[in-house]
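For reference, positions follow the sequence shown, starting with 1. Hydrogens, waters and symmetry mates play no part in the numbers below; they use all other heavy atoms, side chains included.
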Amino acid sequence: MSFEVGEGRQVIIETGKLARQADGAVTVRQGNCIILATVVANKEPKEGQSFFPLTVDYQEKFASAGRIPGSFFKRESKLNDYEVLTSRLIDRALRPLFPEDYFCDVQVLVTLVSSDPEVMPDALACLAASAALAVSDVPVQEIISEVRVARIDGKFIVNPLRSELAKADMDFIIGATEKNIMMVEGEAKECLEEDLIKAIELAHDAIRVQVKAQQELRDKKGVSGKREYKKPEQNEELRAKVEAFAKEKVYAVAKSALSKHERSDRFDEIGTALQEQLKKEYEVAEGEELDSAISKKAKGYYGDLQYDVVRDMILNDRVRLDGRGLEDVRPLAMEVDALPSPHGAALFTRGETQSLTTVTLGTPLDELLVESAAVSVYSKFILHYNFPPFSTGEVKMMRAPGRREVGHGNLAMRSLKQMMPGDEYPYTVRIVSDILESNGSSSMATVCAGSLALMDAGVPFPKHVSGVAMGLITKEGKFAVLTDILGDEDHLGDMDFKVTGTREGICGVQMDIKVDGLSMDIMRQALAQANRGRMHILNAMYEAIPAARGDVKPHAPRMVKLFIDKEFIGAVIGPGGKVIQEMQRETGTTINIEEKNNQGEVSIFGAKKENVDKAVNWIKGIAAQPTVGDTYEATVKSIQPYGAFVEFLPGKQGLLHISEVSWKRLETLEGVLKEGDVVKVKLTGTDPKSGKFKLSRKVLLPKPEGAPSGGQQRPERND
């Protein structure tokens, strides 16, 4: 099957040739980009399985781009961050498609087997995964796809080429079924809410074409139905007992506006009391335990009851678990310069969520290599997000960052990146967010704390960026949009979406929708409410620190970037590196120079401002073009009978003739000038034949009365 994605670009979907023992396998091709997606599902769930175990892995083979991996073992190993993020994009869109009572293990593997330098594979990966499910008998309920929509020069383009994407001011990936939007993720340079709606609507039109192509491929293969699966047995009598005992008690706790841990403890107490009540109702003998199957099922029904009671409370009473109204943001507390040694630091607290975020300024040697099959680029802006177990009061193994940490950090990084200075800014900047407390939206706390810390560090960050996590609950025509959701509300909601931005517009969005038939009007209302929440937080951030500090902190490294004509690169380096080595030795700085964009880019790094300034002036002198009429500080290099040779710019010398030293006639320079003296001179011209510089000191001195206009000249010598 084939279809067009716009601009004459064709996509081809095929099945039946590769990986034929998988339950479903397809290839998706655009240009030279080919993606293989496979799906395999176990026929039976594991014993006692109570959740849906879906695994989605996206991997890029380096051979797809004719490259050998740069690792020590020269083979692909664990997924890199780009692969993890692409896996998450697929997972978040696929997961809601499976029945709620389906607990069999499902593994979806998506592999880039042929790379095209102009085709972005992440926009095709979910299409491939969905197509593999469509041609299988794995019981998914709907077909989906994802597309990228970018705005380039004011025009929205579906699945733009990589070179086009570099010029985009909006970049969003949207996942949807034929009828409903399922997932939105992306970034923008301060777009309006209505711009985002337009991008989503355009994406949905393109996705419907892709869904139709998958349906036709499924029909051609002859897939007529989905496999039957073992559904968990239900005990409606037990469910009724659970509801009769616990419903009012759960409602009372939900209405009590307790803290997270108090609420959890009270719910646990009700659960324990429920088990004791069931022992009585099932006439369990003293000292014996309730049947394990009944106990486990009762716990599941109790969890379902909490879910329903809290949702109904929010919809009907318009009040939330912590007593807030629907639009209320939890209390805010912000502190900048929170730590003495980091180059920038901020502590951001919103309710029971807290981020301690630091900024470190580094050199170009600290840049991060971001490698994929198609490209390898260096990034000067790094953000790492850490979620230690104590932040939720738990004991867990400390391991490498998981997919959640990578995803949350990426959302914060994309949001803050929109306000970062360009390539002219010399520092490599690393932000680290350590979550110290968590009860809802620690990624948005990271955005806020990161913005505060960047300004504290003296990074020329022009505007604050804040973020707020929103929720949505719908039922039988009613709906409630929640601002600044709690962790429990995230679990309860039908839509979880995070919006970041400045006062002028949106910088980042991450949205997961779990309900069918969500109208654009509800989405518009949710975005408008998110805007109000974002502004409330921004106002508090501007009170904490209204603008970036004018300079980096005294203990922060100093770094300056200069751009010089490329013809001076050799002069700055010197023969065998002699000049640049002397500069580094004399100034105590580190200097890097390379040719970029047909000019010399010089980076100077040092611990002290005066040393960096000295190196800057030295290099400016080497690269400066002497201008007739300008005045210079010149150093006497040698004395001759006819004048003094002086260096008025690094590497540039001229003769200060004895007649140009003073308005008085001088027979000798003895007692007037000596080697090492610094004198002010004016460049009066250049010799048209030799190009030698003509300098004068006397024209900068007061002219005595009666002195001849030109002074007494002596014949110049050129030796």
Check side-chain contact (heavy atoms from CB on, under 4.5 Å) between Q215 and all other residues, then give those that pass, not counting sequence neighbours.
I143, E178, V211, K212, R218
Between T502 (side chain) and H464 (backbone), is there a donor-acceptor pair under 3.5 Å?
no
Determine whether N531 and I506 make a side-chain contact, defined as any pair of heavy atoms from C-beta on separated by less than 4.5 Å.
no
Would you say that K43 contacts R227 through its side chain, given a criterion of any heavy-atom pair below 4.5 Å between the two side chains?
yes
Looking at D137 and K226, is any side-chain nitrogen of the basic one under 4.0 Å from a carboxylate oxygen of the acidic one?
no
Report yes if the distance between the aromatic ring centroids of F103 and F52 is under 6.0 Å, otherwise no.
no
Verify side chain to side chain donor-acceptor pair (under 3.5 Å) between S433 and S355, making sure each step is shown before the conclusion.
CA-CA 6 Å; S433 172; S355 169; 2.8 Å; yes
Sidechain N-carboxylate O distance under 4.0 Å for K498, D496:
yes
Side chain to side chain, I181 and I174, heavy atoms closer than 4.5 Å
yes
If we ignore angles and hydrogens, is there a donor and acceptor under 3.5 Å between the side chains of Y307 and D488?
no
Output the distance between atom SG (C126) and atom CD1 (I207), rounded to the nearest 0.5 Å.
8.5 Å
Please check if the side chain of S391 supplies one atom and the backbone of S438 the other of a donor-acceptor pair under 3.5 Å.
no
Output for pair (L332 CG, I537 CD1), nearest 0.5 Å, gives 6.0 Å
Taking the basic N atoms (NZ, or NE/NH1/NH2) and the acidic carboxylate oxygens, is any pair closer than 4.0 Å for R524 and E194?
yes
Would you say L202 and K198 make side-chain contact, with heavy atoms under 4.5 Å?
no
Distance-only donor-acceptor hits, side chain of residues 158-168, under 3.5 Å, sequence neighbours excluded:
| unit_1 | atom_1 | unit_2 | atom_2 | d |
| --- | --- | --- | --- | --- |
| N159 | OD1 | R148 | N | 2.8 |
| R162 | NE | P117 | O | 2.9 |
| S163 | OG | E118 | OE1 | 3.2 |
| S163 | OG | E118 | OE2 | 2.8 |
| E164 | OE1 | L161 | N | 2.8 |

Contact between S441 and V468 at the side-chain level, heavy atoms closer than 4.5 Å - yes or no?
no
On a heavy-atom basis, which atom in E327 and which in R320 lie closest, and how many Å separate them?
N-NH1, 4.5 Å
R29 side chain to G31 backbone, donor-acceptor under 3.5 Å
yes
Any side-chain heavy-atom pair of H536 and S466 under 4.5 Å:
no
Is any side-chain heavy atom of F3 closer than 4.5 Å to one of M1?
no
Test side chain to side chain contact (heavy atoms under 4.5 Å, CB included) on I431 and H384 and set out the steps.
CA-CA 6 Å; I431 300 176; H384 292 143; over 6 Å; no
Go through the steps to decide whether L127 and I13 satisfy the test side chain to side chain contact (heavy atoms under 4.5 Å, CB included), and finish with yes or no.
CA-CA 9 Å; L127 165 62; I13 314 176; 4.0 Å; yes
What are the two closest heavy atoms between I173 and E146, and how far apart are they?
CG2-OE1, 3.8 Å
Examine the side chains of D122 and T86 and answer whether a donor and an acceptor come within less than 3.5 Å of each other.
no
For the residue pair T353 / E437, report whether a side-chain donor-acceptor contact shorter than 3.5 Å exists.
no
State, to 0.1 Å, how close S87 and Y58 come at their nearest heavy-atom pair, and which atoms those are.
OG-N, 2.8 Å
Donor-acceptor side-chain pairing of N539 and R503 below 3.5 angstrom
yes
Do Y301 and Q234 meet the criterion of a side-chain donor-acceptor pair at a distance under 3.5 Å?
yes
Rounded distance [0.5 Å steps], CD in Q30 versus CD in E4:
10.5 Å
Smallest separation among heavy atoms of E60 and S372, with atom names
OE1-CB, 3.3 Å
When every non-hydrogen atom of A199 is compared with those of M170, the smallest separation belongs to CB-CE, 4.2 Å
Would you find a donor on one side and an acceptor on the other, under 3.5 Å apart, between the side chain of D116 and the backbone of N32?
yes
Kindly compute the distance separating CG (L411) from CG (L416), expressed to the nearest 0.5 Å.
9.5 Å
Provide the closest heavy-atom pair for A41 versus V106 in the form atom of the first, atom of the second, distance.
CB-CG2, 3.8 Å
If you round to the nearest 0.5 Å, how far is CD of E352 from CZ of R330?
7.0 Å
Residues which pass side-chain contact (heavy atoms from CB on, under 4.5 Å) with A129, listed by chain and number, not counting sequence neighbours
I90, L94, V108, V110
Taking N80 for the side chain and E371 for the main chain, is one N or O donor matched with an acceptor at less than 3.5 Å?
yes
K231 charged N/C atom sitting above Y229 aromatic ring, 6.0 Å / 45°:
yes
Closer than 4.0 angstrom, basic N to acidic O: yes or no for D322 and R324?
yes
Side chain to side chain donor-acceptor pair (under 3.5 Å) between Q529 and T483, worked out:
CA-CA 7 Å; Q529 190 168 318; T483 298; 3.0 Å; yes
Listed partners of Q510 passing side chain to side chain donor-acceptor pair (under 3.5 Å), at least two apart
E185
Inter- and intrachain pairs under side chain to side chain donor-acceptor pair (under 3.5 Å), touching residues 404-415, at least two apart
E187-R414, Y385-R404, S415-T500
Under 4.0 Å between a Lys/Arg side-chain N and an Asp/Glu carboxylate O for D494 and K514?
no
CZ/R403 to CG/D81 distance, rounded to the nearest 0.5 angstrom?
11.5 Å
Taken in chain and number order and not counting sequence neighbours, the residues that satisfy side chain to side chain donor-acceptor pair (under 3.5 Å) with D219 are none
pair F479-I473: side-chain heavy atoms closer than 4.5 Å
no
